[in-house]
Protein chains: 2
Amino acid sequence: MTSTDPHGGGTQTQQRRPTRQRRAVAAALAGFDDFRSAQEIHDLISRQGDSVGLATVYRTLSSLAEAGEVDMLRNEDGEAIWRSCSDTHHHHLVCRTCGATVEVEGPAVERWTNAIAAEHGYADLSHTLEIFGTCPTCR
Amino acid sequence: MTSTDPHGGGTQTQQRRPTRQRRAVAAALAGFDDFRSAQEIHDLISRQGDSVGLATVYRTLSSLAEAGEVDMLRNEDGEAIWRSCSDTHHHHLVCRTCGATVEVEGPAVERWTNAIAAEHGYADLSHTLEIFGTCPTCR
DNA sequence: AGCAATGTTGAGAACCATTGTCAAACTGCG
DNA sequence: CGCAGTTTGACAATGGTTCTCAACATTGCT
Ligand SMILES: [Zn+2]
Ligand SMILES: [Zn+2]
Ligand SMILES: [Zn+2]
Ligand SMILES: [Zn+2]
């Protein structure tokens with residue numbers, strides 16, 4: 001490799017430049033506290049006067065997700081939905097109607113998934129766990 | 001609510017006619033013990049000499065899923081994948097590489113999800129829980 | 001400021017899994 | 001056989017997501 005990487009620590013694989021577009025996506029995410037599709041996020045940005053290409057919204061959301069700054073999951077139609085979340089491992093309780101989301105943690109569940117996987121000799125684990133329902137408001 | 005169909009005859013909402021195509025899909029499913037996409041299932045049917053339209057494969061898989069005779073979940077790309085499963089509620093431990101699948105049950109997890117949801121006043125619940133990893137063979 | 005190197009953007013095309021269309025073929029039941 | 005309702009399949013249409021690539025922005029350097 002030829003990377004120079006001045007003063008940085010080791011292999012700075014990618015520098016995330018602060019652009020107007022990325023700030024707009026971050027701002028839009030901050031405006032929601034529930035899961036939204038890329039389209040909805042794109043729409044909100046437009047409605048706020050800013051203009052960001054849809055492809056850029058997708059790119060930004062993906063890289064934020066990889067960086068662990070947003071959570072991405074799929075609704076029942078398989079569409080990706082996104083939400084800025086706390087950075088610790090957690091799961092979600094999501095309202096099927098309005099999207100209202102509660103972050104939940106379950107140490108016992110984490111232990112259980114690991115135990116089950118180990119028991120069957122599976123390694124390099126990951127898991128998905130989401131609860132869907134109708135929130136008190138939507139009833 | 002308006003649901004009729006008291007266990008027996010009532011409003012037989014749909015009669016599943018045994019056609020050559022539906023038998024072919026069922027046979028293909030029986031030939032796998034791991035999750036496969038509709039395309040893969042369609043391919044296997046073709047390779048076996050049978051010929052079933054892709055749309056029919058989708059239709060059959062969907063109705064089987066609704067009937068609870070197959071499980072459908074989404075891989076990390078959001079594509080639907082299907083597998084014939086036991087008819088009791090369970091989750092899956094899936095090999096990310098070869099697809100090898102283990103059905104797992106966790107009464108404690110079921111209780112936990114219900115408790116969490118109730119605690120926040122959510123009703124009409126459902127949940128997804130899948131564990132992904134690398135199976136012993138694939139290591 | 002000027003400049004070169006490299007990362008970023010966006011309009012639109014391309015992808016591709018999934019669903020819709022609808023006339024033709026099939027099934028269950030007399 | 002003949003009818004009524006169901007199912008099928010070739011193909012079009014959807015729609016979310018990714019790709020393309022030339023124009024543009026940012027960074028680092030002089
Ligand atoms: Zn709600
Ligand atoms: Zn977890
Ligand atoms: Zn494997
Ligand atoms: Zn469960």
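By convention in this document, chain letters (A, B, ...) are assigned in the order of the sequence lines, proteins followed by strands, and residues within each chain are numbered from 1. None of the values given here were measured: they were computed from a predicted structure. FYI, side chains are in, hydrogens and waters are out, and symmetry mates aren't considered; it's all heavy atoms of this structure.
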To the nearest 10°, give me the bend of the helix from C:dA1-D:dT30 to C:dG30-D:dC1, comparing the axes of its five terminal pairs at either end.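 Axis-to-axis angle, ends of the helix: 30°.
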
Find the distance [X]:[atom1] to [N]:[atom2] and express it as a whole number of Å.
X: A:Asp77; N: C:dA17; atom1: CG; atom2: C1'; value: 13 Å
X: B:Leu64; N: D:dT7; atom1: CG; atom2: P; value: 12 Å
X: A:Asn75; N: D:dG16; atom1: CG; atom2: C1'; value: 11 Å
X: A:Arg16; N: D:dT26; atom1: CZ; atom2: C1'; value: 15 Å
X: A:Leu73; N: D:dG16; atom1: CG; atom2: P; value: 17 Å
X: A:Asp43; N: D:dG16; atom1: CG; atom2: P; value: 11 Å

Keeping B:Arg20 on the side-chain end and B:Ser51 on the backbone end, is there a donor-acceptor pair under 3.5 Å?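 Yes, the answer is positive, given that a donor and an acceptor are paired below the 3.5 Å cut-off.
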
Between B:Glu130 and B:His92, is there a donor-acceptor pair closer than 3.5 Å when you use the side chain of the first and the backbone of the second?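 Yes: the side chain of B:Glu130 pairs with the backbone of B:His92.
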
Does A:Ser62 form a side chain to side chain donor-acceptor pair (under 3.5 Å) with A:Arg59? I'd like the steps, not just the answer. CA-CA 5 Å; A:Ser62 298; A:Arg59 278 186 293 242; over 6 Å; no

Co-membership, hydrophobic cluster, residues B:Ile41 and B:Val70, 4.5 Å side-chain: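 They do share one cluster, since a chain of ILVMFWY contacts under 4.5 Å joins B:Ile41 to B:Val70.
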
[X] to [Y] - nearest heavy-atom pair and separation:
X: A:Ala67; Y: A:Arg16; result: CB-NH2, 4.3 Å
X: A:Leu125; Y: B:Gly133; result: CD2-CA, 4.0 Å
X: A:Met72; Y: A:Ala80; result: SD-CB, 3.9 Å

Any chance you could measure B:Asp71, atom CG, to B:His91, atom NE2, to the nearest 0.5 Å?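 The distance works out to 10.0 Å.
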
Under 4.0 Å between any heavy atoms, over every strand shown, what does A:Thr60 touch: base, sugar-phosphate, or nothing? Just pick one.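 Here A:Thr60 touches no strand at all.
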
Answer yes or no: does a side-chain N or O of B:Gln21 lie under 4.0 Å from OP1 or OP2 of D:dG9?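 For D:dG9, OP1 or OP2 has a side-chain N or O of B:Gln21 closer than 4.0 Å.
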
Base versus backbone protein contacts along nucleotides 18-30 of chain C [heavy-atom cut-off under 4.0 Å; B, S, -]: SBBB-----BS--

Using the salt bridge (Lys or Arg N to Asp or Glu O under 4.0 Å) rule, collect all pairs that involve residues 88-100 of chain B, keeping only residues at least two apart or in two chains.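 Output for this query lists A:Asp124-B:Arg96, B:Glu76-B:Arg96.
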
